[in-house]
2 protein chains.
Amino acid sequence: MSGIRAKQKEKTRRLLIEAAMNQLSAEHGYASLSLREVAREAGIAPTSFYRHFQNMEELGLSLVDEGGLALRQLLRQSRLQIARGGSIIRSSVTTFMAFVANQTPLFRLLLQEKSGNSRAFRLAVQREVDHFTAELVDYLVAEQQYSRELAELQADAIVRIVFSAGADAIDADNPERERLTEHTIAQVRMVARGADATRQLGKTIK
Amino acid sequence: MSGIRAKQKEKTRRLLIEAAMNQLSAEHGYASLSLREVAREAGIAPTSFYRHFQNMEELGLSLVDEGGLALRQLLRQSRLQIARGGSIIRSSVTTFMAFVANQTPLFRLLLQEKSGNSRAFRLAVQREVDHFTAELVDYLVAEQQYSRELAELQADAIVRIVFSAGADAIDADNPERERLTEHTIAQVRMVARGADATRQLGKTIK
DNA sequence: ACATTGAGCGTACACGTGTTAGCTAAAATA
DNA sequence: TATTTTAGCTAACACGTGTACGCTCAATGT
């Protein structure tokens, strides 16, 4: 059980995933991804594909996992920056935009499949986004003493804005992306102010 | 020049567009839309397709136009409801959600291609969304006396939130969609409050 | 040492695709 | 009325696709 066999299998599995990611970057999206081309780029015979995935859909779900994982790791990294001082909002948005810039095809896949045609895909992506939102909610409740309900409203709004801006950032060049980032930061701050105002409103009534 | 010929051509052109829309609703997205299947559903020979469109892409752009137009008309209708009393926010969001529910495949196409792979498509969709945002900005400036800058920030945030919620509404059943609608209305109001707070902030400083 | 497993390969098949070329017949034009 | 235009057709093409089948041969298990 030295695993030299399993190692090799995992290796070509990665080759397949990376091949698929490369092809995504090019021109066509996941929907027009071909088993044969992926296999060709991975350097294996078309039929060998089935040793690793049952479908192209299964490959796709792996890609979504991959993307979600990468994004979460990045955001965890961003939270470390917050710990040692600096604006939470600025740091998070900046990190997010950097992810979009560096992992464009992966992020595009997430966006595409978020409103794509396969329900399985949509659920998978939504799971990733929900995970992200939940962490933000926890932060708002723990650090800013928001009620769970208001925190959820706020976090959801923020995530929607940031992801949507991220989508626009895909096409943007560097200066434009910077402008977009500042724009987004201002919007998130606006939402925060709105949430605060809403909270005060509730208190006054009571 | 009675136009009986042009009439017929326009008619089968519409048949093609509607066929394409039907196929979108089914299961596969625009990317996996086939000329032959579309032609078959429209009841013409595959080769006759070229009498109406040069590419599938050209058909796709027509679909985007179609969707954008439908959405804008609906929102114009919604603004009439506002004129004869009632909350602007509630009325707009409700109308929007109704559109998503009734024209699901069309709205899905818009979302898909917004973050799709063809730049031409993305630009076309973005144009529609921008149009929508611009009208909201005008409203905020004219009716609520916001500065152009703040109005743009606010309108953009609102549009992002609403479109994103619309995407989620696609999968939702009726009660869930209603919940989502209320949720979105609350978020938009929160943003409005935030914008107002931001405006007050600016006045105080000056 | 021997038997079993399994990743990867080559061949082959049936099928759907986009697109070209040339025809027909009805509408438009002169 | 005679001529031109053109929407739609059929036939045919070359090609890429997903997948079934059976083989090899090195890594594993006994």
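In what follows, every chain begins at residue 1, and chains take the letters A, B, ... in the order their sequences are listed.
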Salt-bridge present (B:Asp130, B:Arg127; N to O < 4.0 Å) = no

inquiry  = Any salt bridge linking A:Asp196 with A:Arg199? Criterion: basic side-chain nitrogen under 4.0 Å from a carboxylate oxygen.
reply    = yes

query = Has the side chain of B:Arg5 got a donor or acceptor atom sitting under 3.5 Å from an opposite partner on the base of D:dT6?
reply = yes

query = Which is it for B:Glu176 and B:Arg179 under the salt bridge (Lys or Arg N to Asp or Glu O under 4.0 Å) test, yes or no, and what are the steps along the way?
reply = CA-CA 5 Å; B:Glu176 169 65 12; B:Arg179 208 194 55 78; 3.3 Å; yes

Spacing between [X] atom [atom1] and [N] atom [atom2], to the nearest angstrom:
| X | N | atom1 | atom2 | answer |
| --- | --- | --- | --- | --- |
| A:Leu16 | C:dA7 | CG | P | 13 Å |
| A:Ile44 | C:dG6 | CD1 | C1' | 14 Å |
| B:Leu33 | C:dT17 | CG | P | 10 Å |
| A:Phe53 | C:dG8 | CZ | P | 11 Å |
| B:Arg13 | D:dT6 | CZ | P | 17 Å |
| A:Lys9 | C:dG8 | NZ | P | 8 Å |
| A:Leu15 | C:dA7 | CG | P | 15 Å |
| B:Lys11 | D:dG8 | NZ | P | 11 Å |

inquiry  = Once you measure the plane-to-plane angle for A:Phe96 and A:Phe107, does it fall in the parallel (<30°), tilted (30-60°) or perpendicular (>60°) bin?
reply    = perpendicular

ask   = How does protein reach along nucleotides 11-16 of chain C, written 5' to 3' as B (base within reach of a heavy atom under 4.0 Å), S (only sugar-phosphate), or - (no contact)?
value = BB----

Which of the following nucleotides, [options], is nearest to the side chain of [X]?
| X | options | result |
| --- | --- | --- |
| B:Pro46 | D:dC9, C:dT19, D:dA27 | C:dT19 |
| B:Tyr50 | C:dT20, D:dA7, C:dC9 | C:dT20 |
| A:Gln8 | C:dG8, D:dT10, D:dT19 | C:dG8 |

message = For the CD atom on B:Gln8, are there more than 12 heavy atoms of other groups (residues, nucleotides or ligands in this structure) within a distance under 6.0 Å?
response = yes

message = For A:Asp168, give me all partners under salt bridge (Lys or Arg N to Asp or Glu O under 4.0 Å), at least two apart in sequence or on another chain.
response = B:Lys114, B:Arg160

task = With rounding to the nearest 0.5 Å, note down the distance linking CG in A:Leu106 to CD in A:Glu66.
result = 7.0 Å

